[in-house]
Colleague: 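To start, I am sharing the structure in question, which I have written as structure tokens.
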Amino acid sequence: MPPIPMSNDMTAAPILRVEDLTVGFSMRQGAYDVVHKINFALHRGKTTCVVGESGSGKSVTARAILNIVPRPGVINGGRILFDPDGTGATDLAALDPRGKAIRAIRGGRIAMIFQEPMSSLSPVHTIGSQIVEAILLHRKVGRKEARAMATDLLAQVEIPDPAKALDRYAFEFSGGMRQRAMIAMALSCRPDVLIADEPTTALDVTTQAEILDLMRGLQRDFGMAIMFITHDMGVVAELADDVVVMEKGRLVEQGNVHQIFSAPQHPYTQRLLASVRRLEEPAAAKVHVSPEARPILAVEGLKLHFHKRAGLFGKGGDTIRAVDGVNLTLHEGEALGIVGESGSGKTTVGRCIAGVYDVTEGRIDFDGRDIARAGKDEVRENRRQIRMIFQDPFASLNPRMTVKQIIAEPLIVNNICSGQELDDRVAGLLTQVGLDPAMRERYPHAFSGGQRQRIVVARAIALGPRVIIADEPTSALDVSIRSQVLDLLLRFQAEMGLSFVFISHDMSVIRYFCDRVAVMYRGRVVEIGKTEQIITDPQHPYTKALLSSVPLSDPRLRGTRQRHRYMGETA
Amino acid sequence: MIWRFIIKRILWMVPFLIAVSMVSFLLIQAPPGDYLTTYIAKLAESNEVMDQASINDLRQRFGLDQSIFVQYWKWISNIVLHGDFGMSFEWRQPVSQLIWERMALTLLLSMATLIFTWAVAFPIGVYSAVRKYSVGDYIATTLGFLGLATPNFLLALILMYIGVVYFGSDVGGLFSDPFKNAPWSWDKVVDLSRHLWLPVVVLGTGSTASLIRIMRANLLDELNKPYVDTARAKGLSEFRLIMKYPVRVALNPFVSTIGWVLPQLVSGAVVTAIVLSLPLSGPLMLQALMSQDMYLAGAFVLMLSSLTVIGMLISDILLVLLDPRVRYE
Amino acid sequence: MSDLSDTSGAATTGADRIAVASQSQLIWWAFRKHKLAMAGLVITVILYLIGAFAEVLSPEDPNDQDRRAVFQPPQMIHFVDTSAGFSIRPYVYAMERHRDPTSLAVTYTASDRKIYLHLFGKGAPYVFWGLIPGDLHLLATEDPSDRVFLFGADRLGRDMFSRVLYGTRISMSIGLVGVAISLILGVTLGGISGYYGGWVDTAIQRVIEFILSLPTIPVWLALAAALPPSWPIYQQYFVITLIISLVGWTELGRVVRGRFLALKNEDFVIAARLDGASEARIIFRHMLPSLTSHIIASLTLAIPLMILAETGLSFLGLGLQPPAISWGVLLKEAQNIRTISQAPWLFIPGLFVVFSVLAFNFLGDGMRDAADPYEQ
């Protein structure tokens, strides 16, 4: 095992101690706690990861430290003792949230970066002016000097051509670059503590890996304490020295990262780790395709170009090659994964096959017929055979229809059944996906994300299809629910002999679910093969970069792997 | 980048202005009959009869016998090439002599009102949003609703009523009696500024009310944006961060309201001027429309509409200067 | 995901009632919480009821002139009568008319004589909605020769109260009819624009931009001036409403287009298409229900603009012409500063305008906020 970089002052006093912190939301219906009596500490030079699923109160905790809990939230009790110099602690919770004292600490001694790099930067101010402002606030330097410092900072966070970048706006940068700029801004005053609230959640996995590398390096140089909030156990394993696990506003477990990963005490932590680990290998229940399975779907030279209109009279403009020559074959009963980052065209391929988009060029052979050029009746028939599951279970269910109406819709419009028979079919489908048929008169808003995705599945299988296009069906769900939905799909694959085109950005989900995987990059398939083979022995440099970016959810493996960077991209 | 956008936008004005001129011409052509029919009817009321020959003679002299396309072409080409808006039938004077001073005063009143509206709506809107649900917010919101619900002319009448009954003075008009027909002088300007506040208030109340609501709503949206958190986490004071970030962003849609506030003000000015008997374009236009004095009426409709089209242009250009996002679209 | 946004959900989970609540029920529950909006709803309903039953509610014929009652001030209605013991019955004190011998100015003073009022008594005959003849009035004087002026009288001695009630009918219904026309134009053109996109969209958007850039009043004036004043009332009414809604539809068109554009690419609409639903079914079954609440809210906010427009036009003498009665026509009587200083009750129709516009705005704001119960 590689030695974990340990600072020699393990016993030194923590730089920040949270004691019995309680944060409440006072609503008209009464007050309730969103964070309940939590205790933890941050140490200089160390990274403490706060991990929990949505609603666990981790973001509120982060904001409470800076005393910027958004209304109607209030700190109801406890202390936040900040002692950067060892000269005596200040209780941040007791300071006037608008006073000078806390403002000198915010940004100066404790800095914060946020999840959404786009909306966290002002859209109408240049990157430079926002960094310079932070410097001028806390350091006694002139404007010119501040600008020079800002340039250095941008260079430090590896933004190319930093002098020019200062005068650009946030929307001119990619997500990764924006987050780098955010980090530069946060570090501009050499803070003692850096709070990062899910800073990589909105980023692609390769970009995430780069940002994590960057933060590690900066921590080494600056020696600050980092409080890193995340829901991703992989990131925790990559980054944390200490771990704090939160569930529903309570701190359920904390300790050293190795201890948490090797011997979790609290059942919630155990569950969380188990659901992550389950996704680290192929599903046990998986039925594998027989080698002589016929191809059911063949995509040949698929192209889809969008024209972006520009210019005075809508002439000219760019052509966006969303899909630029893709070849794929799907065999009967097989699950074919398509993996790639945002903008790789994987969703577009799925939607072309499902018939959402009209194809610019190429063939999609389904059962020997080209469905890209099908007539009206044929399209109807194809849509019965090829069904789709969407990513966002909140957006894909019409909020104005009951669950029964939603599931019945394909049966009604295809004149399959009506009346009592329809009612029975819907009830049957609900039972099949593990929902209580008595709930069919309810509206989608009454269901949780996982339940909604089950409804989406029920609608997809209602017509007895042969192929299902699943477009990131689990990425909007909490990790503990992911494997449940995947297992449901696996069951249908086994029972109904369904074939899947499974689109995801998440390698672990692909590994769990898919027989083969196609890796897409910029509208093309760069590599395709058996899932295990691709994961263990990737050939294309992009696949290598992608795989080496996936955080390993075992802290003991930290640093054992060589990171590949694929330079064909610009972050 | 900016220049390209502005030039593009200015070029867009050309078809708009052509359309405006056509619509204006069609509008004044819309009434059945023409000035002569009205004129003959008027003569007939006083028992005078015109013989057909002189009617035809007049019709020819006014160019009323030609096709509508020819009339339009003559009309618009004279305006564009010579600044000649034709003759007013009723006043027997070139239209251009009649309209310029009134148009200038209309523009002055609209601009003064626009500035007043902004000066009042901006701080109140910001206050209302930042101190949401405070007493001040409720007062501002209530006044805003009342301002929105009270038609200009009613407000003018009420203010006039208050003036007459409680202060015993007629508050209408833009000038005191001695200055009414006097040539322009410094004293006249001072006199004008003394009278201007009433029409400004009357005209501005409605749009002030809606601008307060817009500013409040915009700012409320922006106040919860993550970049405000970022600024707060930087250690900026609450006042500075609100003014520098969310207010600055909320300003963009606020500025783009010129586009429709100006048409509203120009419209409102017509009614207000009629009620308060101001020497603006409104009363004369109304009179011209009623008597089918088509070139006079047409000149007013054209000028007022062009004014608002130009207002749109200004607001678009301001928006480009203010909001970097627009430039890159 | 940020866990900040999720905290509000805790209060809504669980309840079975909410789980099976339909869209419209959720909207209604959200709407009911707005007190001002509820007040707006009540006032609006009352005003429409007044408009519907103007003949019965008004004590007089609104066109009945009375030389001896010119500019008579309003009479207070009293309910408790103690002249012959205690009794509860509505009455007013009769007004006496004096003429100052030197200035010849007319003044009115209240006399001791009581004019008793009957509930549902017989009075001036009318034809209800132009269909059913009747003479029953909510309030009628015992002696038909007596007249009662609750809101005073105008320069011809006509009863302002009755006139305001009749004006309510026309002014409030102009809003409705105008909005109906705007709805047809706005939804059709906005829908086409949003659904089909492309050059159709561009063309319709340019037209809307153009109409929005025109100053409305000069355009309305010019259009209204084209109407021959000799036209019958209903024709005037219809054309004026048409003129007003020619401008009013644009806002609605933009709302509908924006919503259509956003909805078209919603996953649930795509899902419906993949279910095999026909184009018509997608639009009417899946898209329109999501639009209706927004459309209704925008319509409610458009009605007050129509009312204001009609009032303004009629006030300037270019809208409805007497003998038609609308709030604007009534306010035209208040144009002269000398008249209103003598008879300030001529402002009363103005109060009705303000109240109705306020009510609609509250109502519309509440509806807009409640229109999307899933947005927080």
Side-chain angles (χ1 to χ4, degrees), chain A residues 59 62-63 65-71 96-126 129-131 133-138 167-172 182 185-186 188-189 191 194-195 197 308 310-313, chain B residues 1-2 4-15 129-134 218 220-256 318-329:
Chain A
S59 286
R63 283 168 168 77
I65 292 175
L66 285 179
N67 213 333
I68 53 169
V69 180
R71 263 180 280 189
D96 170 17
R98 296 181 168 212
K100 268 215 170 93
I102 185 81
R103 293 207 320 261
I105 291 171
R106 281 181 203 152
R109 317 294 309 253
I110 306 178
M112 184 158 175
I113 52 181
F114 297 88
Q115 175 177 1
E116 281 291 333
M118 178 72 213
S119 45
S120 297
L121 287 165
S122 162
V124 295
H125 295 88
T126 58
S129 80
Q130 294 179 67
I131 299 178
E133 179 186 44
I135 297 174
L136 290 177
L137 262 174
H138 297 288
D167 293 320
R168 297 174 69 183
Y169 294 93
F171 57 84
E172 296 177 72
M182 272 296 289
M185 189 160 84
S188 61
C189 301
L194 177 67
I195 301 173
D197 185 2
K308 197 176 162 190
L312 189 51
F313 298 101
Chain B
M1 217 41 171
I2 300 181
R4 253 191 63 185
F5 184 93
I6 292 177
I7 290 170
K8 206 167 109 181
R9 192 63 191 73
I10 291 176
L11 284 179
W12 253 117
M13 289 263 296
V14 177
V130 175
R131 298 257 179 281
K132 193 178 157 194
Y133 302 141
S134 67
N218 285 342
L220 280 179
D221 277 353
E222 295 299 330
L223 281 176
N224 295 322
K225 291 273 172 75
Y227 67 81
V228 182
D229 266 351
T230 310
R232 197 170 283 135
K234 251 188 229 179
L236 275 174
S237 74
E238 199 69 6
F239 179 78
R240 256 182 76 190
L241 87 88
I242 285 175
M243 293 316 277
K244 182 165 179 188
Y245 292 103
V247 168
R248 173 69 183 69
V249 178
L251 197 61
N252 295 338
F254 190 68
V255 162
S256 63
L318 273 180
L319 195 61
V320 170
L321 296 179
L322 272 177
D323 194 339
R325 284 168 296 183
V326 178
R327 278 174 244 157
Y328 290 89
E329 260 174 21

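Scope of the values below: all heavy atoms of this structure, side chains included, with no hydrogens, waters or symmetry mates. Order of the sequence lines fixes the chain letters, A, B, ..., with proteins taken first and strands second; residue numbering starts at 1 for each chain.
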Colleague: Does any non-hydrogen side-chain atom of B:Leu241 lie less than 4.5 Å from one of B:Lys234?
Modeller: no

Colleague: So for A:Leu66, is it side chain, backbone, both, or neither that comes closer than 4.5 Å to the heavy atoms of chain B?
Modeller: side chain

Colleague: Side chain from CB out, backbone as N, CA, C, O: work out which of these in B:Asn252 comes under 4.5 Å of a heavy atom of chain A, or both, or neither.
Modeller: side chain

Colleague: How would you list, by chain and number, every residue that makes a side-chain contact (heavy atoms from CB on, under 4.5 Å) with B:Arg131, sequence neighbours excluded?
Modeller: B:Tyr127, B:Ser134

Colleague: Checking A:Gln130 against B:Thr230 for the side chain to side chain contact (heavy atoms under 4.5 Å, CB included) test, could you report, in this order, the C-alpha distance in whole Å, the side-chain angles of both residues, the deciding distance, and whether it holds?
Modeller: CA-CA 10 Å; A:Gln130 294 179 67; B:Thr230 310; 5.7 Å; no

Colleague: Could you walk me through whether B:Lys225 and B:Tyr245 satisfy the side chain to side chain contact (heavy atoms under 4.5 Å, CB included) test, starting with their C-alpha distance in whole Å, then the side-chain angles of each, then the deciding distance to 0.1 Å, before giving a yes or no?
Modeller: CA-CA 10 Å; B:Lys225 291 273 172 75; B:Tyr245 292 103; over 6 Å; no

Colleague: Start with the C-alpha gap between B:Arg9 and B:Val320, add the side-chain angles, then the distance that decides, and say whether side chain to side chain contact (heavy atoms under 4.5 Å, CB included) holds.
Modeller: CA-CA 10 Å; B:Arg9 192 63 191 73; B:Val320 170; over 6 Å; no

Colleague: In the structure I gave you, are the side-chain heavy atoms of A:Glu133 and A:His125 within less than 4.5 Å of one another anywhere?
Modeller: no

Colleague: For B:Glu222 and B:Val228, which heavy atoms make the closest approach, and how far apart are they?
Modeller: O-CG2, 3.3 Å

Colleague: Just wondering, do B:Lys132 and B:Leu223 contact through their side chains at under 4.5 Å, heavy atoms?
Modeller: no

Colleague: Sub-4.5 Å heavy-atom contacts with chain B: which residues of residues 102-110 of chain A show up?
Modeller: A:Arg103, A:Arg106, A:Gly107, A:Ile110

Colleague: Is B:Arg240 in contact with chain A via its backbone, its side chain, both, or neither, using a 4.5 Å heavy-atom distance?
Modeller: side chain

Colleague: Counting heavy-atom pairs under 4.5 Å to chain B, which of A:Pro191, A:Cys189, A:Ala111, A:Ser119 comes out on top?
Modeller: A:Ser119

